[in-house]
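Take a look at the structure set out below.
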Number of protein chains: 2
Amino acid sequence: MDDVFKALADPSRRELLDRLRIENGQTLGDLCRRLDMTRQAVSKHLAVLEAANLVAVVWQGREKLHYLNPVPIHEIAERWIGKFERSRLDALADLKRALEAKPGDDE
Amino acid sequence: MDDVFKALADPSRRELLDRLRIENGQTLGDLCRRLDMTRQAVSKHLAVLEAANLVAVVWQGREKLHYLNPVPIHEIAERWIGKFERSRLDALADLKRALEAKPGDDE
DNA sequence: ACAATATGCAACCATTTGGTTGCATGTCAA
DNA sequence: TTGACATGCAACCAAATGGTTGCATATTGT
């Protein structure tokens, strides 16, 4: 799971995922267009995304097609973010209480 | 928003958030216990979390109380992960189709 | 006043990261 | 077959990251 978080931490990689979300199954070359980076840089980013299992790859002759795999993101949403969502309002209440309590300590 | 992703990318920092979720309003010292790291290391991580607005801080004398702020995580869930959840099944279908199409190309 | 406690700040270090350039390899099309 | 195209691999580099140690500062309790 750490791989997924790490992969999502980079804006360029999130951009790549966004592009695949808009048009799935693009090649390296496709993804390079208008992405102010070298092909090799993009290639490295894609390797990270592959390692995190966020994109799957299908070779078609000399072309490598990249497909978005939404499963890991879904799992993070379910298992990790979900936890925080559940305690969200409690945490906000704690915060509010703490912020109100201290400054007016001197009554 | 990038700050939030970057902050969430580190396991130690997610651990810290987890601890605050379990018990909100802990001090630096509290958070250091059983966290195999120097106080300064923990302090740096907390600084990153503060910068990302994921924890809020209330000074109480010489103690610094840390409170979880769930808002940024909520926003990411809503605005970013939500997008991918929405196109989730389509992407899975694309993937499946691509995987099935190529290997059995030779019919 | 003073010692203990809770924290901050700065310098330093090793490793990782994001990027580059150069060259090699495999596939398609004429 | 041969040239153009799509990609991979490796070396290299600067900057960011995660961690340390040492010292400074502020607050508390006796």
Side-chain angles (χ1 to χ4, degrees), chain A residues 1-20 23-52 54-67 98 101-103 105-106, chain B residues 1-20 23-52 54-67 98 101-103 105-106:
Chain A
M1 183 182 84
D2 197 45
D3 292 337
V4 180
F5 270 108
K6 286 266 183 68
L8 294 180
D10 186 277
S12 303
R13 287 193 288 266
R14 293 199 301 274
E15 167 82 24
L16 284 171
L17 290 181
D18 263 328
R19 302 216 170 195
L20 286 181
E23 185 182 344
N24 220 348
Q26 297 184 64
T27 70
L28 216 203
D30 291 338
L31 290 165
C32 282
R33 303 183 187 288
R34 295 185 166 261
L35 222 312
D36 198 23
M37 249 187 296
T38 325
R39 173 179 60 82
Q40 285 82 350
V42 176
S43 184
K44 278 193 181 183
H45 282 306
L46 287 172
V48 173
L49 292 171
E50 282 181 56
L54 281 162
V55 321
V57 149
V58 177
W59 276 96
Q60 186 160 351
R62 64 181 165 185
E63 290 187 330
K64 194 186 188 184
L65 305 177
H66 298 80
Y67 288 86
K102 277 304 102 198
D105 207 10
D106 45 297
Chain B
M1 185 182 82
D2 198 45
D3 292 336
V4 180
F5 271 107
K6 285 265 183 68
L8 294 180
D10 186 276
S12 304
R13 287 194 287 266
R14 293 198 301 275
E15 166 83 23
L16 284 171
L17 291 180
D18 264 328
R19 301 215 171 198
L20 286 181
E23 185 182 344
N24 218 350
Q26 297 184 65
T27 70
L28 215 202
D30 291 338
L31 290 165
C32 281
R33 302 184 186 287
R34 295 187 169 260
L35 223 313
D36 199 23
M37 249 187 296
T38 327
R39 173 179 59 83
Q40 285 81 351
V42 176
S43 183
K44 278 193 180 181
H45 282 306
L46 286 172
V48 173
L49 293 170
E50 282 181 56
L54 280 163
V55 320
V57 148
V58 178
W59 276 95
Q60 185 159 350
R62 65 182 163 184
E63 291 187 329
K64 194 186 187 184
L65 305 177
H66 297 80
Y67 288 87
K102 275 305 104 198
D105 208 10
D106 44 296

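Below, chain A is the first sequence line, B the second, and so on; all start at residue 1.
Separating the CZ atom of A:Phe5 from the P atom of D:dT17 is a distance of 18 Å, rounded to the nearest angstrom. Between the CG atom of B:Leu8 and the C1' atom of D:dG18 there is a distance of 17 Å, rounded to whole Å. The CG atom of A:Leu46 sits 16 Å away from the P atom of D:dA6 (whole-angstrom rounding). Nucleotide C:dG19 holds its C1' atom 13 Å from the CG atom of A:Leu35, rounded to whole Å. Note: CZ (B:Arg13) to P (D:dT17) measures 8 Å, nearest angstrom. Whole-Å rounding puts the A:Asp3 CG to C:dT17 C1' distance at 15 Å. Atom CG in B:Asp2 sits roughly 13 Å away from atom C1' in D:dA16 (whole-Å rounding). Summarising the geometry, the separation between CG on A:Asp36 and C1' on C:dG18 is reported as 14 Å, rounded to the nearest angstrom.
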Between N or O atoms, less than 3.5 Å apart, protein on one side and nucleotides 7-12 of chain C on the other: list the pairs.
{"from": "C:dT7", "atom 1": "OP1", "to": "B:Leu28", "atom 2": "N", "distance (Å)": "3.3"}
{"from": "C:dT7", "atom 1": "OP1", "to": "B:Lys64", "atom 2": "N", "distance (Å)": "3.2"}
{"from": "C:dT7", "atom 1": "OP2", "to": "B:Gly29", "atom 2": "N", "distance (Å)": "2.8"}
{"from": "C:dT7", "atom 1": "O4", "to": "B:Arg39", "atom 2": "NH2", "distance (Å)": "3.3"}
{"from": "C:dG8", "atom 1": "OP1", "to": "B:Lys64", "atom 2": "NZ", "distance (Å)": "2.7"}
{"from": "C:dG8", "atom 1": "OP2", "to": "B:Ser43", "atom 2": "OG", "distance (Å)": "3.3"}
{"from": "C:dG8", "atom 1": "N7", "to": "B:Arg39", "atom 2": "NH1", "distance (Å)": "3.2"}
{"from": "C:dG8", "atom 1": "O6", "to": "B:Arg39", "atom 2": "NH2", "distance (Å)": "3.1"}

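Overall, the helix from C:dA1-D:dT30 to C:dA30-D:dT1 carries an axis bend of 30° between its ends, with five pairs at each end and the value rounded to 10°.
Within the 3.5 Å criterion, the main-chain N or O of A:Gln26 finds a donor-acceptor partner in the side chain of A:His66. B:Arg13 places no side-chain N or O within donor-acceptor distance of the main-chain N or O of B:His45, the cut-off being under 3.5 Å.
Between A:Arg14 and B:Asp2 a salt bridge is recorded (basic side-chain N to carboxylate O distance below 4.0 Å). Between B:Arg34 and B:Glu15, none of the side-chain N atoms (NZ, or NE/NH1/NH2) sits under 4.0 Å from a carboxylate O, so this pair counts as no salt bridge.
Nearer to the 5' terminus of DNA chain C, by closest-nucleotide assignment, is the contact made by A:Lys6 (compared with the other of A:Lys6 and A:Val42).
In this structure, A:His45 does not reach the C:dT17 phosphate: none of its side-chain N or O atoms is under 4.0 Å from OP1 or OP2.
Of the options B:Leu17, B:Leu65, B:Leu16, B:Val48, a side-chain contact (heavy atoms from CB on, under 4.5 Å) to B:Val55 is made by B:Leu17 and by none of the others.
Within the model, atoms CG of B:Leu54 and CG of B:Leu8 stand 5.5 Å from one another, a figure rounded to the nearest 0.5 Å. Annotation: the span from A:Met37 atom CE to A:Ser12 atom OG amounts to 4.0 Å, rounded to 0.5 Å.
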Item to check | Steps toward side-chain contact (heavy atoms from CB on, under 4.5 Å) verdict (A:Thr27, A:Lys64) | outcome: CA-CA 5 Å; A:Thr27 70; A:Lys64 194 186 188 184; 6.0 Å; no
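Among residues two or more places apart in sequence or in another chain, the side-chain hydrogen bond (donor to acceptor under 3.5 Å, both in side chains) test is passed with B:Glu63 by none.
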